[in-house]
Amino acid sequence: MMSAKVFPAVSFDFKSDAIAPDKSISHRCAMFAVLAEGESRIENFLRAEDTLNTLNIVGQLGADIHDDGKVITIISHGIHETSEILDCGNSGTGMRLFCGLLSSAEGHFILTGDEYLKRRPMKRVTQPLRNIGAQLDGRNNGDLAPLSIRGASLKAFSYESKVASAQVKSAMILAALRSDGMCTFREPELSRDHTERMLLGMGAHIECNALETKIWPLEKPLTPLSIRVPADPSSAFFFAVAAAITPNSSTVIEGVTLNPTRIEAFKVLERMGANITYTITSEKYEPIGSITVKYAPLKAVVVSENIAWLIDELPVLSIAMACAEGKSLIQNAQELRVKESDRIKTVVDNLNLCGIQTEEFSDGYAVMGGTLHSARVNSHGDHRIAMSFCIAGIRCGMEVEDIECINTSFPNFFALLAQCTKVNR
Ligand code: S3P
């Protein structure tokens, strides 16, 4: 098991156009290319474990994939049964979206994942898919991977999801595209909308109206994608917090998606006092541009709305809360319990090890701003926990154990962190 020692930073001006490409968009590019006729061209695809697993599965399902090191091209020949087991690794997005895509494909498919993914709930997609005729099964009556799927004809649906989850929404949209009529999907809060934007750009008939999405079955294959994947705001946010907690420091991130459903954590950091500006420079499928973050003393904040828009950033936002004046609160975030780790527990336990007082609730936690102390913490195999506590190290020094998981989403994280402070591995 590898560990990293991060040393406190004095001050830095960090500027990068090399933040990891967006994970959500990369997964979708690879999968949606399967529904297109012709060659999809994807530049700046995220070359991390999660998304390379998805790309590999797309190849196992019969697509021709060519990678010249810069542009990945995908030519689909429809979805074909394979003798191989489809391994999603650590990725919930991979597994849940493939459930939607494969539910209507001809043949039998097995999806599996690593020890962490095999513990995460899948019923949120298998149940609504079963309700419309999909033949899906797994341990615990279809809740736990490995999952088996036998493609079937799917009925049109009107589904109201209890959870605001882009993975559930996307799985159902993929199923709807190959169902027998117009479908309606509703969610309690808007979740990230990359699926809708990308499929619309590829010619699908989808209407989005606040919390309701209407989807019509495909009458012909989609137009191929031509996309440069923007930087991932969730990955960029680690360096935003780094600047926000280090006096006289700044971070500039270029080429990042400014999709409103993805930059809510930056808005919260602004509410805490950080100085943040956004500049849109282009727009294709998504608004894309740059974000500048400058240090300012931080004050406590309550986060209880639009949780789906910042769920992935809450662990590192908690590091900013630990450095802020006063008691911060995260509420309505029970989804944190079923991420790559139980992130309520892993954040609270690790903050306590760093001398920060917390209170744990079933749907969130409170963080008492104070003085972060150097400690030895464990990631529990969760990439975002590992990176969050490396960022805390910028303030006070930190040893973080079990850092291999960072490769699932941000392989050049340490190379970039070394531009802000000293790191030993
Ligand atoms: C994702 C959706 C979110 C997010 C995950 C990526 C996606 O999960 O946490 O990292 O790409 O659709 P939920 O759909 O479970 O909220």
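Indexing begins at 1, ligand by ligand and atom by atom, following the structure's order. Each residue takes its place number in the sequence, starting with 1.
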Student: I need the atoms of ligand 1 closer than 4.0 Å to a non-hydrogen atom of T93, numbered in the order shown.
Tutor: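 So the answer, numbered in order with elements, is 1 (C), 6 (C), 7 (C), 11 (O).
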
Student: Inspect the contact between R178 and E106 and indicate whether a charged nitrogen and a carboxylate oxygen are less than 4.0 angstrom apart.
Tutor: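 Not counted as a salt bridge, because no side-chain N and carboxylate O are separated by less than 4.0 Å.
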
Student: Just to confirm my output: which protein heavy-atom neighbour is closest to atom 14 (O) of ligand 1, and how far is it?
Tutor: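 Checked against all protein heavy atoms, atom 14 (O) of ligand 1 sits closest to S165 OG, 2.6 Å.
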
Student: Any heavy atom of H27 sitting closer than 4.0 Å to ligand 1?
Tutor: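 No heavy atom of H27 comes that close to ligand 1.
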
Student: Determine the interplanar angle of the Y278 and F266 rings, folded into 0 to 90°, and report it as parallel if under 30°, tilted if 30 to 60°, perpendicular if over 60°.
Tutor: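 Ring orientation, 0 to 90° scale: perpendicular.
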
Student: What I want to check is whether the side chains of H383 and S409 have a donor and an acceptor closer together than 3.5 Å.
Tutor: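 There is such a pair (donor and acceptor under 3.5 Å, judged by atom type) between the side chains of H383 and S409.
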
Student: Applying a strict 4.0 Å limit to heavy atoms, is H194 in contact with ligand 1?
Tutor: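 Flag not set, H194 not near ligand 1.
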
Student: List every atom of ligand 1 that sits less than 4.0 Å from any heavy atom of A166, numbering the atoms from 1 in the order shown and giving each element.
Tutor: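 Here the atoms of ligand 1 in question are 12 (O), 14 (O).
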
Student: Using a plain distance cutoff, I'd like to know if K23 has any nitrogen or oxygen under 3.5 Å from a nitrogen or oxygen of ligand 1.
Tutor: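 For ligand 1, there is no N or O atom that lies under 3.5 Å from one belonging to K23.
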
Student: Side-chain donor-acceptor pair under 3.5 Å between N352 and T358, yes or no?
Tutor: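 Yes.
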
Student: Who's the nearest protein heavy-atom neighbour of atom 12 (O) of ligand 1, and how far?
Tutor: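 Of the protein heavy atoms, R28 NH2, 2.7 Å lies nearest.
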
Student: For I311, counting its heavy atoms only, list the atoms of ligand 1 lying under 4.0 Å from any of them.
Tutor: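 Near I311, the atoms of ligand 1 are 9 (O).
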
Student: Check whether any side-chain heavy atom of S235 lies under 4.5 Å from a side-chain heavy atom of M387, and answer yes or no.
Tutor: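 Answer no - side chains too far apart.
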
Student: Evaluate R384 for polar contact with ligand 1, using N/O atom pairs at a separation under 3.5 Å.
Tutor: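 Between R384 and ligand 1, no N or O pair is found under 3.5 Å apart.
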
Student: I want to know if ligand 1 touches R192 in the polar sense, i.e. an N/O pair below 3.5 angstrom.
Tutor: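 For ligand 1, there is no N or O atom that lies under 3.5 Å from one belonging to R192.
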
Student: Report the relative orientation of the aromatic rings in F238 and F413; use parallel for angles under 30°, tilted for 30 to 60°, perpendicular for over 60°.
Tutor: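 Because their plane-to-plane angle is over 60°, the rings of F238 and F413 count as perpendicular.
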
Student: Give the numbers and elements of all ligand 1 atoms closer than 4.0 Å to a heavy atom of K339.
Tutor: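 Under 4.0 Å from K339, ligand 1 has these atoms: 3 (C), 4 (C), 8 (O), 9 (O), 13 (P), 15 (O), 16 (O).
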
Student: Which heavy atom of E313 sits nearest a heavy atom of S234, and at what distance?
Tutor: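 Shortest heavy-atom separation between E313 and S234 comes out as OE2-OG, 2.6 Å.
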
Student: Is there a polar contact, in the sense of an N or O pair closer than 3.5 Å, between S170 and ligand 1?
Tutor: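 Between S170 and ligand 1 (N or O atoms, distance only) the closest approach is not under 3.5 Å.
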
Student: Give me the nearest non-hydrogen protein atom to atom 10 (O) of ligand 1 as residue plus atom name, then the distance to 0.1 Å.
Tutor: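 Its nearest protein heavy-atom neighbour is D312 OD2, 2.8 Å.
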
Student: Any ion pair linking E37 and K220 (charged N to carboxylate O, less than 4.0 Å)?
Tutor: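 So K220 does not pair with E37 through a salt bridge.
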
Student: Under the criterion side-chain contact (heavy atoms from CB on, under 4.5 Å), I'd like the reasoning laid out for F237 against V316: C-alpha separation, chi angles, the key distance, then a yes or no.
Tutor: CA-CA 8 Å; F237 194 64; V316 73; 3.4 Å; yes

